[in-house]
Each structure stands twice: as structure tokens, then as C-alpha cells.
Amino acid sequence: MKTRVIFLGPPGAGKGTYASRIMERLNIPQISTGDLLREAIRNRTEIGIKAEEYVSQGKLVPDDIVIEILKQRLAKDDCKNGFILDGFPRTIEQAKALDNITHIDLVINLVVPDEIIVKRLSSRIICKRCGAVYNLITLPPKKEGICDKCGGPLYQREDDKPEVIMQRLDVYKKQTAPLVEYYRNRGILVDIVCDKVDTPPEEVVDRIIKIMR
Ligand code: AP5
């Protein structure tokens, strides 16, 4: 079983949606650098204060900050049997740093057209309390504005505004897409093409788990 896994893909590709479901099914942690940064921003930590201006504008947070956060997270006990990295690495510099921290078994590359991404992100809502992700069009909560899992309030992310979405897509193409070749050349990357807006998440999750096995 391949349990040290990276999820690569543009913003809105479904990294968080699939990683959170696999975490529940296989009992390995989902590590989202985006979530870690948003938590630091909420708690007004030194790192959070530094990261805020980048995240709100859809730019990448400097490598040294993110690498340090990731290193600390991977050192925790729950990562001993594996992990899913959701949103890390995002630059060649981060990938090289990761090579020095741990070994990676598998990279899942989610390939999703831009039109689907823009639709998904502008209709995404997230639970303020537990972080569960919904979509007003494709995955609505049972009760409007309320999380199915914990009853917390649902909100739209600051960086899911149309102008910031376009900036994040541009950053992905320039700074993160080169990682596809970086890992393909190592023979550990598998493409998952999701070009239909209505493919149920569980269908994609089943495909990914099969590849991990
Ligand atoms: P981060 O939080 O990582 O955002 P992202 O990569 O832009 O990814 P998203 O969380 O937006 O999308 P996702 O692929 O997880 O999609 P989701 O599953 O939610 O990063 C945010 C910011 O933090 C960055 O811009 C940067 O500033 C900073 N940052 C983070 N990591 C960094 C790093 N390593 N280095 C530097 N800076 C860093 O799905 C999207 C929507 O689609 C949801 O509504 C979902 O319900 C819906 N959906 C998905 N799949 C399906 C499906 N099959 N069927 C129906 N609906 C679906």
C-alpha cells in the first residue's frame, strides 16, 4: 500500500474533497498547508500575520515559511504510517526540501479544466468549525448555511472571489505545474482526469484508493 502521497492539482481540483474522504477510509492524515496557514492567520500567530497578505491576494506564501510549517506537521506521531499532502509542494524549491524530509511513494495529479474550476470555486462553501467542504451546486448541505457533520456555520473563503481565483490559477500554471514533470520523470505520478462537473466524489476516491493499493 502506498501511503506517502502527494495530491497535485490546480485550486479547486478537489484535493481537499478527496483527501478528507480518503483520510476517513484509510485512517491516514490529510495535511493541507492551506488549512494550516488559514489556522495560523485566524490565531494571529507570527507566521499567520506574515502569510495573510499572500493568501488574501492568491499568491504563494514564501517557501521558507511553508517548509517550516510542513516539517513541524510531518514530525507528529500520526504521520508515522503515512499521510496525504494536499497543497504541498507547490514549487520546485518546496519539492526539493520535501526530498530531504521524507520519502514519497505516489503523486496523484488531478487534471481539471479551468471552466470547471471557476464554477466550483465560486460556489464552494466551507464549515467554519470543522472545515468540511460543500458546494452550492454539486454538493449542497442538507440544511442551507449549516454543516451536515457538526452543525457549524458555512462561509465562503476570502480567496474564492472571482479576481483572486484567476490569480491563483495563474500562479498554479507558472509556479506549480512544473512539478508534474518533476514527479513524472521519477515514475511515481499518476494522472486522474476529472473533466465532468457531476462526477460523484466517491467515484474519484475509489479510483485513487485502487491506485494506492
Ligand atoms: P489551498 O487551501 O491549498 O488552496 P488551493 O490549492 O487553491 O486548493 P483549494 O483548497 O482551493 O482547492 P481543492 O483542490 O482542495 O478543491 P476542493 O476539494 O475544495 O491554498 C490557499 C492559499 O494558501 C494559496 O493560494 C497560498 O496563498 C497558500 N498556500 C497553501 N499551500 C502553500 C504552499 N505549499 N506554498 C505556498 N503557499 C501556499 O474542491 C473545490 C470545490 O469543488 C468544492 O466546493 C467541492 O465541494 C467541489 N468538488 C470537488 N470535487 C467534486 C466532485 N467530484 N463533485 C462535485 N463537487 C466537487
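Counting convention: from 1, in listed order, for ligands and their atoms alike. On a predicted model such as this, the values are computed, not experimentally measured, just so you know. Worth knowing before you read on, the calculation uses all heavy atoms, side chains too, and leaves out hydrogens, waters and symmetry mates.
Here Arg184 pairs with Glu181 in a salt bridge; the nearest charged N to carboxylate O distance falls below 4.0 Å. Salt bridge annotation for Asp170-Lys59: absent, with no cationic side-chain nitrogen under 4.0 angstrom from a carboxylate oxygen. A salt bridge links Glu158 to Lys161: at least one charged side-chain nitrogen sits closer than 4.0 Å to a carboxylate oxygen. Salt bridge status for Lys96 with Asp63: absent, with no side-chain N to carboxylate O gap under 4.0 Å.
Under the 4.5 Å side-chain heavy-atom criterion for grouping Ile, Leu, Val, Met, Phe, Trp and Tyr, Phe7 is connected to Val204 within one hydrophobic cluster.
Closer than 4.0 angstrom to ligand 1 lie heavy atoms from Pro10, Pro11, Gly12, Ala13, Gly14, Lys15, Gly16, Thr17, Tyr18, Thr33, Gly34, Leu37, Arg38, Val55, Lys59, Leu60, Val61, Val66, Gly87, Phe88, Arg90, Gln94, Arg120, Leu121, Arg124, Val133, Tyr134, Asn135, Thr138, Leu139, Arg157, Asp159, Arg168, Thr199, Pro201.
Sorted by first and then second residue, the side chain to side chain donor-acceptor pair (under 3.5 Å) pairs involving residues 10-20 (not counting sequence neighbours) form an empty list.
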